[in-house]
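What's counted below: heavy atoms across the whole structure, side chains too, no hydrogens, waters or symmetry copies. Residue numbers count from 1 along this sequence.
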Amino acid sequence: MRRGTCGFTLVEVVIALTLVSLIMLGLVAALSTFGNTSARMEARSEHADDMRLVSAFLRQALGAASVKHLQQLDDGTSVPYFLGSATALEWLAPMPARHGVGGLHRLRLSLREEPDGMDLVLQLIPFVPPAPLEPPALPDWSAESTRILVRRVEHFSLAYQRLGRDDWQAEWGDPEVLPGRVAVHIDSEGGEWPELIVAVLEAEVGAALNDGRVLP
């Protein structure tokens, strides 16, 4: 009698390999999807952290805009150091020590062009009161280092509101008082940020700093 042979036929082997290939393909697709989802969640988390930290810093620094040291102009008048346009802002404010630099500083918020897009950057210079009878000197920002707040900004704008008024303006043109509120709008590659509206604590209702008049 002939003994039966043990093993698999060629058809069975082909079917088994096909099933294993389909299972492996499904596992690879699942792992790829999981990896992409994880990367997106991490990017969103980083974007949320950036929004929280930058918004908190701007709220503190803009809200504390100072009139403690007035800027002496050539005609002898004294005005706050606050220069605001639609895309840049310079002001005087105290920096908390937790940011690595304490004390009163001149700050500048603006956009900087990079090869991969526009970055929102901050520059700061420790404030040193000028000597008596010394002519006023504005800082040379081109020589100062920058700190990147937001990378790849798609839109950035500032607006200013006088204390006691409802309308907003793209530039702050009143040299004698600080605006009551400053609005900051940022759109970045990671998405649109909630609009930040900061109340300036030392704003005054049209008070002329030199002679005590109240402006209309």
Side-chain angles (χ1 to χ4, degrees), residues 35-66 71 80-128 137-161 168-173 175 178-203:
N36 292 336
T37 302
S38 177
R40 286 195 297 269
M41 291 180 63
E42 184 176 354
R44 289 178 181 175
S45 176
E46 291 178 356
H47 180 66
D49 287 343
D50 289 343
M51 283 196 298
R52 178 176 57 82
L53 293 174
V54 172
S55 297
F57 169 76
L58 292 178
R59 190 179 299 278
Q60 185 277 327
L62 288 173
S66 177
Q71 181 173 268
Y81 180 72
F82 192 95
L83 308 173
S85 70
T87 56
L89 175 60
E90 298 179 26
W91 76 105
L92 187 69
M95 288 288 292
R98 66 176 178 272
H99 292 295
V101 282
L104 203 60
H105 280 68
R106 296 181 190 265
L107 297 96
R108 185 173 191 267
L109 187 66
S110 62
L111 290 174
R112 184 181 67 182
E113 186 173 359
E114 297 291 343
D116 59 347
M118 304 292 290
D119 290 344
L120 181 62
V121 299
L122 177 75
Q123 295 170 279
L124 62 162
I125 304 173
F127 176 77
V128 178
L138 294 177
D140 180 14
W141 293 109
S142 63
E144 299 298 327
S145 61
T146 59
R147 305 184 181 199
I148 298 176
L149 296 183
V150 185
R151 292 186 181 275
R152 293 184 289 279
V153 174
E154 297 178 353
H155 175 76
F156 169 69
S157 64
L158 296 160
Y160 312 91
Q161 186 184 66
W168 291 87
Q169 52 197 72
E171 296 188 0
W172 185 249
L178 299 179
R181 296 197 298 175
V182 179
V184 184
H185 185 84
I186 302 172
D187 289 343
S188 67
E189 191 178 68
E192 182 177 358
W193 294 40
E195 187 172 36
L196 178 66
I197 298 179
V198 182
V200 180
L201 300 181
E202 293 194 12

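Summarising the geometry of Pro94 relative to Ala64, their closest heavy-atom pair is CD-O, 3.4 Å, with the distance given to 0.1 Å. A pairwise comparison of heavy atoms in Val200 and Ala65 identifies CG1-CB, 4.0 Å as the closest pair. Between Val54 and Leu149, the shortest heavy-atom contact is CG2-O, 3.5 Å. Across all non-hydrogen atoms, the minimal contact from Ala88 to Arg108 is CB-NH2, 4.4 Å. Looking at every heavy atom in both residues, Ala183 comes nearest to Ile197 through CB-CG1, 4.2 Å. Considering every non-hydrogen atom in both Ala203 and Pro179, the closest pair reads CB-O, 3.3 Å.
The CZ atom of Phe82 sits 12.0 Å away from the CD atom of Glu202 when rounded to the nearest 0.5 Å. One finds the OH atom of Tyr81 at 13.0 Å from the CG atom of Leu178 (value rounded to the nearest 0.5 Å). To the nearest 0.5 Å, atoms CZ (Phe127) and OG (Ser66) are separated by 8.5 Å. Note that the CG atom of Leu120 and the CZ atom of Arg151 stand 12.0 Å from one another [nearest 0.5 Å]. Going from atom CG of Leu124 over to atom NE2 of His105 covers 5.0 Å, rounded to the nearest 0.5 Å. Expressed to the nearest 0.5 Å, how far CD of Gln161 lies from CD of Gln169 amounts to 9.0 Å.
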Before you tell me yes or no, could you show the steps for Glu171 and Tyr160 under side-chain hydrogen bond (donor to acceptor under 3.5 Å, both in side chains), namely the whole-Å CA-CA distance, both residues' side-chain angles and the distance that decides it to 0.1 Å?
CA-CA 7 Å; Glu171 296 188 0; Tyr160 312 91; over 6 Å; no
Please lay out, stage by stage, how Val182 and Leu196 fare under the test side chain to side chain contact (heavy atoms under 4.5 Å, CB included).
CA-CA 8 Å; Val182 179; Leu196 178 66; over 6 Å; no
Criterion side-chain hydrogen bond (donor to acceptor under 3.5 Å, both in side chains) on Ser55 and Trp193, from CA distance to verdict
CA-CA 9 Å; Ser55 297; Trp193 294 40; over 6 Å; no
Start with the C-alpha distance between Glu192 and His185, add both sets of side-chain angles, then the distance that settles side chain to side chain contact (heavy atoms under 4.5 Å, CB included), and finish with yes or no.
CA-CA 9 Å; Glu192 182 177 358; His185 185 84; 3.2 Å; yes
Side chain to side chain contact (heavy atoms under 4.5 Å, CB included) evaluation trace for Leu109 with Trp91:
CA-CA 9 Å; Leu109 187 66; Trp91 76 105; 4.0 Å; yes
Steps toward side chain to side chain contact (heavy atoms under 4.5 Å, CB included) verdict (Val153, Leu111)
CA-CA 8 Å; Val153 174; Leu111 290 174; 4.1 Å; yes
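Look at Arg152 and Asp116 and you find a salt bridge, because one of the NZ, NE, NH1 or NH2 atoms lies within 4.0 Å of a carboxylate O, short of that distance.
Judged as a side chain to side chain donor-acceptor pair (under 3.5 Å), and not counting sequence neighbours, the contacts of Arg112 are Glu114, Thr146. Every residue two or more places apart in sequence or in another chain was checked for a salt bridge (Lys or Arg N to Asp or Glu O under 4.0 Å) with Arg181, and none qualifies.
Contact of the Phe156 side chain with the Val184 side chain is registered, since non-hydrogen atoms from C-beta on lie closer than 4.5 Å. Contact of the Leu92 side chain with the Pro80 side chain is not registered, since no non-hydrogen atoms from C-beta on lie closer than 4.5 Å. Counting only heavy atoms from C-beta outward, the side chains of Leu158 and Thr87 never approach each other to under 4.5 Å. In this structure the side chain of Ile125 reaches within 4.5 angstrom of the side chain of Trp141, judged on heavy atoms.
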